[in-house]
Visitor: 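Below is the structure I would like to discuss, written out as structure tokens.
One-based numbering along the sequence shown.
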Amino acid sequence: MKTLLVTGGAGFIGANFVHYWLATHPQDKVVVLDALTYAGNMASLSSVVNHPHFTFVKGDICDSALVEKYLRDYSVHTLVHFAAESHVDRSITGPDAFIETNILGTYSLLKAAKKVWLDGPKTLEHRFHHVSTDEVYGTLSATDPAFTEDTAYAPNSPYSASKASSDHLVRAYHHTYGLNVTTSNCSNNYGPYHFPEKLIPLVITHILHNKPLPIYGDGQQIRDWLYVTDHAYGIDLVINKGRVGENYNIGGNNEWANIDIVKTVCALMDAQFNQHPTLKTQFPEASAAHKNDSASLITYVKDRPGHDRRYAIDATKTFNELGYQPKESFETGIAKTVEWYLQNEDWWRAVMDGSYQNYIDEQYKG
Ligand code: NAD
Ligand code: TYD
């Protein structure tokens, strides 16, 4: 039995990870530390709040003394660090929060972990797992080989630069102080509880409101998409079998141009409206979907500044060393995701409040 401290556990991937971990490691205890920023949502944890092995504490990872206290109070053995500002577009309009949370927040966690696990009378058994992204490697052309763990970091957005910086700090705490760290660099996730400012949930919720589906630039930018539970599974393998001090790439081997992803989601939404006539009553605003023509909402808009052209992950090391392979196919994962949003209207309506609307109006004005 061990106790995990999961930072950012009320966010998209963190919440899915908590559900995954409680289901697959019933003997372990999970403590979530989350500041509940605009992206944090207790509703994503509602089915586990009364679980006997689950605890939620509200707090900021930048508060090192608080983190130290929780590491001691809960006798934490494994820290899994998801908490971050995660949206590239927000990092372009307001980088400050990214520097604070992603860089200083990670530094604060490392300081607390060193103090509790290494600086006492005896070194305690521990693991610090840092969740990073493929975006730290920069951008690829259509023909470049995929990123490996040896690809030099070349981040291009304030978001990816802040994540790269945190990755370096994690690495340094291992090399300098002997902290037992691992880092995973994962591609774009999709699935339940995804905040609707990100591409896939934005498209689903916009179809339901008959709003334009904004495609940046020419829509030919390529991302590798992984079902979120497969990310949780990959992190599980890294924590339990990964070598300390190493980075592991996690990816879906599933590259798609943005425009093709959006068209796929449109087709799935149309099929749902076709198969389930009650959806027309449930979502009276979704008039393009009523006509099986969601793709008519596709609208090309001004490109994101510095938009990375292509990300692709080579996860050979993770496969060879840990036996990692995604379990969900894209076909089943994306269909499940569309169904989840149709069945969980309360969840996404609650997060699309005033501040969300202000963000959308500002981001897509003109
Ligand atoms: P998210 O934005 O959905 O969630 C972030 C969570 O962190 C929220 O619950 C928020 O309240 C919390 N948080 C933010 N600042 C905090 C602070 N100062 N103290 C405590 N909690 C704070 O993000 P996500 O998409 O779930 O991403 C989680 C992690 O995975 C991030 O580190 C991100 O870089 C990484 N990642 C994301 C993707 C992706 O496709 N979303 C892919 C690869 C890696
Ligand atoms: P996003 O979900 O923001 O993830 P990331 O930028 O971390 O990859 O975006 C995924 C891709 O979709 C990215 O290339 C930007 C593009 N995109 C659009 O074309 N339109 C949009 O409205 C959004 C939010 C993203």
Side-chain angles (χ1 to χ4, degrees), residues 11-12 38-39 85-95 98 133 135 139 156-160 187-225 228 254-273 283 285-311 330 334 337-338 340-342 345 347-366:
F12 163 48
Y38 81 94
E85 289 294 331
S86 70
H87 190 36
V88 174
D89 291 329
R90 288 186 191 251
S91 84
I92 294 167
T93 49
F98 290 72
T133 163
E135 305 197 23
T139 185
N156 290 319
S157 70
Y159 164 66
S160 54
S187 56
N188 283 60
N189 287 210
Y190 69 96
Y193 306 115
H194 205 180
F195 194 80
E197 67 185 356
K198 303 282 175 73
L199 182 68
I200 289 177
L202 182 127
V203 166
I204 297 171
T205 51
H206 277 211
I207 291 172
L208 294 174
H209 289 93
N210 211 45
K211 283 189 176 170
L213 311 180
I215 308 287
Y216 296 160
D218 63 3
Q220 292 301 328
Q221 302 84 4
I222 292 172
R223 299 289 182 265
D224 173 64
W225 291 94
V228 62
N254 179 42
E255 288 181 53
W256 285 78
N258 290 339
I259 184 66
D260 295 329
I261 280 280
V262 171
K263 285 181 178 166
T264 300
V265 173
C266 287
L268 285 168
M269 289 290 281
D270 289 352
Q272 285 287 330
F273 274 78
F283 300 106
E285 286 170 77
S287 63
H290 294 189
K291 292 179 243 143
N292 285 307
D293 194 16
S294 297
S296 65
L297 298 172
I298 289 174
T299 307
Y300 288 87
V301 300
K302 194 160 87 105
D303 206 353
R304 170 189 280 175
H307 198 170
D308 285 338
R309 198 67 186 163
R310 174 174 166 242
Y311 303 140
F330 184 66
I334 193 72
T337 303
V338 164
W340 188 87
Y341 278 87
L342 291 172
E345 185 183 354
W347 182 90
W348 53 262
R349 281 217 190 274
V351 296
M352 292 169 79
D353 61 2
S355 63
Y356 173 82
Q357 247 358 290
N358 295 343
Y359 165 79
I360 292 287
D361 293 345
E362 188 56 31
Q363 176 67 15
Y364 297 100
K365 69 181 172 211

Visitor: Between H307 and V88, is a side chain to side chain contact (heavy atoms under 4.5 Å, CB included) present by the stated rule, with each step listed?
Guide: CA-CA 9 Å; H307 198 170; V88 174; over 6 Å; no
Visitor: For a quick test of reading the model, state the closest non-hydrogen atom pair linking G191 to T337 and the distance between them.
Guide: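 G191 and T337 have their closest heavy atoms at CA-OG1, 3.5 Å.
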Visitor: Can you check whether R310's main-chain N or O pairs, donor with acceptor, with D308's side chain at less than 3.5 Å?
Guide: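 No: the side chain of D308 does not pair with the backbone of R310.
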Visitor: Could you walk me through whether Q363 and D89 pass the side chain to side chain contact (heavy atoms under 4.5 Å, CB included) test, one step at a time?
Guide: CA-CA 8 Å; Q363 176 67 15; D89 291 329; 3.4 Å; yes
Visitor: Find out whether I334 and V265 are in side-chain contact, i.e. whether some heavy atom of one side chain is under 4.5 Å from a heavy atom of the other.
Guide: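 A side-chain contact exists here, since the closest heavy-atom pair is under 4.5 Å.
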Visitor: Say you draw a straight line from NE2 of H87 to OH of Y359; how long is it, rounded to the nearest 0.5 Å?
Guide: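 That separation rounds to 3.0 Å.
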Visitor: Within 45° of the ring axis of Y311 and under 6.0 Å from its six-membered ring centre, is that where the NZ or CZ of R223 lies?
Guide: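 Flagged: R223 positioned over aromatic ring of Y311.
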Visitor: Check for a donor-acceptor pair, side chain of N258 on one end and backbone N or O of G219 on the other, with a separation under 3.5 Å.
Guide: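 Not confirmed, N258 side chain does not pair with G219 backbone.
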Visitor: Roughly how far, to the nearest 0.5 Å, is the CG atom of D303 from the CD atom of Q221?
Guide: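 So the gap between those two atoms works out to 5.0 Å.
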Visitor: Please determine, by modelled atom types, if D361 and Y356 share a side-chain donor-acceptor pair under 3.5 angstrom.
Guide: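 Result is no, nothing qualifies.
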Visitor: Ignoring hydrogens, what is the shortest heavy-atom contact between S187 and D224? Give both atom names and the distance.
Guide: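 Result for this residue pair: OG-OD2, 2.6 Å.
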Visitor: Pairs of donor and acceptor atoms involving the side chains of residues 194-208, under 3.5 Å and at least two apart or interchain, shall be tabulated with distances.
Guide:
unit_1	atom_1	unit_2	atom_2	d
E197	OE1	R90	NE	2.7
E197	OE1	R90	NH2	2.9
E197	OE2	Y38	OH	2.7
K198	NZ	S86	OG	3.0
T205	OG1	P201	O	2.8
T205	OG1	L202	O	3.2
H206	ND1	P212	O	2.8

Visitor: Backbone N or O of Y341 within a donor-acceptor pair of the W348 side chain at under 3.5 Å?
Guide: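 The answer is yes, because a donor-acceptor pair under 3.5 Å joins these two groups.
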Visitor: Does N156 use its side chain to pair, donor to acceptor, with the backbone of G306 at less than 3.5 Å?
Guide: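 Checked: no pair found.
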Visitor: Within this structure, what is the NZ-OH distance for the pair K302 and Y364, rounded to the nearest 0.5 Å?
Guide: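 So the gap between those two atoms works out to 12.5 Å.
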Visitor: How far does CG of L297 sit from SG of C266, to the nearest 0.5 angstrom?
Guide: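 These two atoms lie 7.0 Å from each other.
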Visitor: Give a yes or no answer on whether the side chain of N210 reaches the backbone of A286 with a donor-acceptor pair at less than 3.5 Å.
Guide: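 No.
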Visitor: CH2 of W225 to CG of N188: how many Å apart, nearest 0.5 Å?
Guide: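 If I round to the nearest 0.5 Å, the distance is 4.5 Å.
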Visitor: Could you tell me if the ring centre of F273 sits under 6.0 Å from that of H290?
Guide: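 Yes, the ring of F273 comes within the 6.0 Å limit of the ring of H290, centre to centre.
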Visitor: With under 30° as parallel and over 60° as perpendicular, where do the rings of F330 and Y190 fit, or are they tilted in between?
Guide: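 Plane angle over 60°, so perpendicular.
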Visitor: Using the rule given for side chain to side chain contact (heavy atoms under 4.5 Å, CB included), can you reason through K211 versus E285, listing the C-alpha separation, both sets of side-chain angles and the distance that settles it, and then say yes or no?
Guide: CA-CA 9 Å; K211 283 189 176 170; E285 286 170 77; over 6 Å; no
Visitor: Can you check whether Y159's main-chain N or O pairs, donor with acceptor, with S91's side chain at less than 3.5 Å?
Guide: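 Yes, S91 side chain to Y159 backbone: donor-acceptor pair under 3.5 Å.
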Visitor: Output the distance between atom CG (L268) and atom OG (S294), rounded to the nearest 0.5 Å.
Guide: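 Rounded to the nearest 0.5 Å, the CG-OG separation comes to 10.0 Å.
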Visitor: Side chains of V301 and I215: closer than 4.5 Å at any heavy-atom pair?
Guide: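 When only atoms from C-beta onward are counted, I215 and V301 do not touch, as no gap falls below 4.5 Å.
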Visitor: Please name all residues satisfying ring pair (Phe, Tyr, Trp, His ring centres under 6.0 Å) with W340, sequence neighbours left out, ordered by chain then number.
Guide: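 If we apply the ring pair (Phe, Tyr, Trp, His ring centres under 6.0 Å) test to W340, skipping adjacent residues, the hits are Y193, W347.
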